Q: 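Below you will find the structure I want to go over with you.
The analysis underlying the following values was restricted to heavy atoms, covering all of them including side chains, and did not include hydrogens, waters or symmetry mates. All values reported here derive from a predicted model rather than from experimental measurement.
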Amino acid sequence: MIRFDQVTKRWPDGTLAVDDVSLTAPTGQITVLVGPSGCGKTTLLRMVNRMVEPTSGDVYIDGQAVSNQSPAALRRGIGYVIQHAGLFPHRTVIDNVGTVPRLLGWDRRRIRDRSMELLERVGLGAELADRYPAQLSGGQQQRVGVARALAADPPVMLMDEPFSAVDPVVRGQLQEEFRRLQADLGTTIVFVTHDIDEAINLGHQVAVLRVGGQLAQVADPAYLLAHPVDDTVAAFLGRDRGYRALGFVASPRLPLRSEEVLLVGESVAEDASGWRLVVDEERRPLGWVEGGRVSGVVQIADLDLGGTLAPVDGSLRAALDAALSAPSGRGVIVDDEGILLGTVRAGEVLDAIAAAERPERGNA
Amino acid sequence: MIPTIWSWLTNPASWSGPDGIPTRLIEHLGYTLAVVAVAAAVAIPLGVWVGHSGRARWLVSLGNALRAVPTLGLLFAATLVIGPRLGGQLAFVVPSIAVLVLLAIPPLLAGAYAGVEAVDPAARDAARGVGMSGWQRIRQVELPCAMPLLLSGLRAAVLQVVATATIAAYVGLGGLGRYLIDGLAVGDYGQTGGGALLVATVALLVDGVLAVGLRGLISPGLRLRAGRA
Amino acid sequence: MDWLAQSYGQVLDLTWRHLILAGLPLLIGLAVALPLGYAAHRWRAAYAPLVTISGLLYTIPSLALFILMPLFIGTRILDPVNVVVAMTVYTVALLVRTVADGLDSVPEDVERAATAMGLGRIRTLLTVELPLAIPVIAAGLRVAAVSNVSIVSVASLIGVAQLGDLLTDGYNRVIMPELVTGIMACILLALALDSLILVLARMLTPWRRAREVVSA
C-alpha cells in the first residue's frame, strides 16, 4: 500500500505543483492519477521514488516513509516506466532489461535468464534480445520499458504516461496486455495519464486532479462516471458518461431469443426477406445477410459485418452496443468460446438497465 | 616545382640525422600525443561534469570565445612573456606546449559537454528512476551516449594541435613544421613544399586512424540512431 | 599607445587586407557550398561522399595548404590568391555539411505543404527551405568567419600582408604594443564579422523574433 500523507510541492519559483494531497493506493491494484496538464500528477507520482521531494508531507510504502530510505536503494525496489520508454540507446534490449538486476549485483547467468523470461512475458520474441532500441518500433520499445521495470520483481510500479506516445491501435493492445500482466503479478501500481478513457479502462481506482495540484475526486471508475463531484470533474470525464458507465455494470440474465441461422455456404431461399445471421460450422457468428439482396450460395463477401458481439457475462454496455450495431436490430450474444447463444433487442437491454442497480460504491 | 619537392623528399639526407624526417615526425606526433593527453585529462572530465550537472556552462562559452584569438598571436605572446623566464631549450618548448594545450581544450570541452547534454532526457530520467547513483549514471549512461560527440571533439583537438604545432616551429618548436619554416626562411621550396606535403599527409592519416580506431568506443546502438536521422 | 598612434594608418590598411582575405572566401565559399549542400540534402547517396571530402579538406593544416596551393592553381608562392583560394576551400569544407544539415532541419511537413500548394522544386527551395535553413547556415557561417580571421593571420609566415604582419613583426622585433595590437585587431575583426552575420541572419528571419516575443 502506498499512502500519500498531506503532500505539498512548491517549486522554487513559487508555483504550487501539488497542494496538500492525501491518497492511498491499495496493494495489488492500479491507481490512476488523471488530470489536465499542469495538475501535478507526474510530480505526485515522482514523490513515491523520491525523484521529487515534497515540500511538506511524506509518502509511505507499506508504512515506511520513503524519506527515510536512500533514493538509489528505494528506486531499485520500485519499477519505473515513462512515456518514451527512456531505453538506453547504447545497450541492447536484453541489457536494458537487465539494468536493475545488474545494479543489484545478480550474477550474469541469472540476469540473462530473468531478462529472457521477461521479454517473453511482455510479448517480445527472443530474437529481439540482441537488437538495439533504435531497431524497435515505438510499441516494442514500450514493452521493453515495462520488462525493464519488472526485472527485479518490484512489489510497486510507477508508470508515467507509458502508452501515450504510441498509436491508438498499439495503445489498446498494450493496455489489454498490461491489465492482464498486472492481474497475474498483483503489483501495486500508480499510473499517470491525461487520457480519461485510459484511466477508466485501466484503473481500479481513479484519482482526478485539477490544475493547481488539488485532488478533486478519488473513486472507482463506475462511481466516478455516475457521480462526478463537481462540474470540472464532469467536464473532464467528457460526454456519454451514462453510456460509458454501463461498461461497469455486469449484464443480468437477458431474455435471449433463438435465432434462425444460415451456415456459410448454404443458399438463401429465393423468397426470403429480412436479415439472417450467418454462422460457421461451430455456430460462431460471422455476419448478417439480407434476404432478397443475396441469392444463391452465401459467400463471406456478402456479409454485413457491422454488428458487434457481446459476451453473455459481459457488461450491459456491450449488450446494448451489440443490439444497436446489428443491422437487424438484434444483438448477438455469445459464450466464452464465441459460440452463438441467442440475440437480444435494444428495448430488452434498456429494460435490464432500468432494473439494474446503479453503482454506489466508491467514495469521494 | 614538383621536381624540387620530389628531389628533397627522395634525398637520403632528408631522412637521416637529428634533422631527418623520421625524427621530426616522431617529435611532431610526440607533441601531439602529450598535448592532447594533458588537455583531455583536464577538459573531458570538466565537460562531462558541466553537461551532467548543468552548472558552469560559461566555461564552454569561454572556450568557444577563445577561438577568436589568433593562434599565431597567442604563440608569439606566450613565447615573449613566458620564454625569458625560462632558460635554454625550455624557453622555446614550454610556451608552445602551453599554448597547444590551451588550444586543444575548447574542442574537447565542447565535445564532452555537448555529448552529455544531448543524451535523451528520457534515458537520463530512466537512469535516475531505476536507482543509479550520480556516478553510475555518468559511467553507465551519459558517458557512453556522449561518445560520438566527445570523440569528434577529440579528433578536432588532435587536428588543431597537429596544425598549430606546425606553426609553432616559428617560435622554435621541433617537429615537421621546421621544414616549412626553415625552408621559407632560406627560400628552399623543395624543403618547404615537401614539409607541407608531409604535414598534410600526417594530418589526414592521423585523422583517418582516429576515425577508424575510435569507432569501437561507440555503441552500435548509437550509430544506428544517427543513421536513421 | 605611442606605437599605435604612429602606425594607425598601417593598422587600418592591414585590417582592410585581412578583411578581404577572410571575408571574400566567406562569400565565395557560401556561393559554392549552397549548391553542394543542397545536393547532399536532396540526394542521400551524395551526402556521405560530399561530407567526407569536405572533412578531409578541412583536415589539412593551414600553413601546409597555403604552401601547397601553387601546386594546384599554378600561382606564385607569395601570391595573396593562394590565401583566398585556401580560405575558400576551408569555408566550403565547413559549410557543405552545415547547408545540408540546415536544409535537413526544415520540417518535412512544411516542404510537403509547399509542394501541395503547387510550388515547384526551385521555388520551394528559394522561398521556403532556404529561408527556414538560415539560422543553421548562419551559425556555420559564424564559425567559419571567426576561424577564417584567425587562420588568415598565419599567412604572414608566407609573406602575404594582413594583420598577421603585426604579430610576426611584433614578435621578431619584440615590440609588445605591436603584437598586442595585432591580437586585439584580429579579435575585434572576428567579433565584427560574427556580429554582422548574426544581425543579417536576424533581419532575414523576422519570424524568429516574433516567436521569441511570444515565448518570453
Q: My understanding is that only residues two or more places apart in sequence, or in another chain, count here; which of them pass side-chain contact (heavy atoms from CB on, under 4.5 Å) with C/Ser147?
A: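 Result, side-chain contact (heavy atoms from CB on, under 4.5 Å) vs C/Ser147: C/Tyr58, C/Ile151.
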Q: When rounded to the nearest 0.5 angstrom, what distance separates CD1 in B/Ile181 from CD1 in C/Ile158?
A: 10.5 Å
Q: Go through the structure and list residues passing ring pair (Phe, Tyr, Trp, His ring centres under 6.0 Å) with B/Tyr179, not counting sequence neighbours.
A: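 B/Trp8.
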Q: Please round to the nearest 0.5 Å and tell me the distance separating atom OG1 of C/Thr168 and atom CG of B/Leu72.
A: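 Reported value, rounded in 0.5 Å steps: 6.5 Å.
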Q: Please determine whether the number of non-hydrogen atoms from other residues, nucleotides or ligands lying under 6.0 Å from atom CZ of C/Arg42 exceeds 12.
A: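 Yes.
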Q: Check each atom of B/Leu159 against the heavy atoms of chain C and say whether the ones under 4.5 Å are side chain, backbone, both or neither.
A: side chain
Q: Does any heavy atom of chain C fall under 4.5 Å from the side chain of B/Val202, the backbone, both, or neither of them?
A: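 When you check distances to chain C, no heavy atom of B/Val202 falls under 4.5 Å.
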Q: Using non-hydrogen atoms only, which part of B/Leu75 is less than 4.5 Å away from chain C: side chain, backbone, both, or neither?
A: neither
Q: Which heavy-atom pair separates C/Ile187 from B/Pro70 by the least distance, and what is that distance?
A: CG1-CD, 4.1 Å
Q: When heavy-atom pairs shorter than 4.5 Å are enumerated against chain B, which of C/Leu63, C/Leu179, C/Thr59 gives the highest number?
A: C/Thr59
Q: How close do B/Ala196 and C/Ala64 get, heavy atom to heavy atom, and via which atoms?
A: O-CB, 3.5 Å
Q: Check whether B/Leu197 gets within reach of chain C through its side chain, its backbone, both or neither, counting any heavy atom under 4.5 Å.
A: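 Both parts, backbone and side chain.
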Q: Can you tell me how far apart CD1 (C/Ile183) and CZ (B/Phe76) are? Round to the nearest 0.5 Å.
A: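 Spacing of CD1 (C/Ile183) from CZ (B/Phe76) equals 9.5 Å.
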Q: Taking all non-hydrogen atoms of both residues into account, name the closest pair between C/Leu68 and B/Gly193 and its distance.
A: CD2-O, 3.7 Å
Q: Could you check which of B/Thr192, B/Leu198, B/Thr166 has the highest count of heavy-atom pairs closer than 4.5 Å to chain C?
A: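 Highest number of heavy-atom pairs under 4.5 Å: B/Thr192.
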Q: Distance-only, no hydrogens or angles: does the C/Tyr171 side chain make a donor-acceptor pair with backbone N or O of B/Gly73 under 3.5 Å?
A: no
Q: Closest approach of B/Ala77 and C/Met176, non-hydrogen atoms and distance?
A: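 Scanning both residues completely, I find the closest heavy atoms to be O-CE, 4.5 Å.
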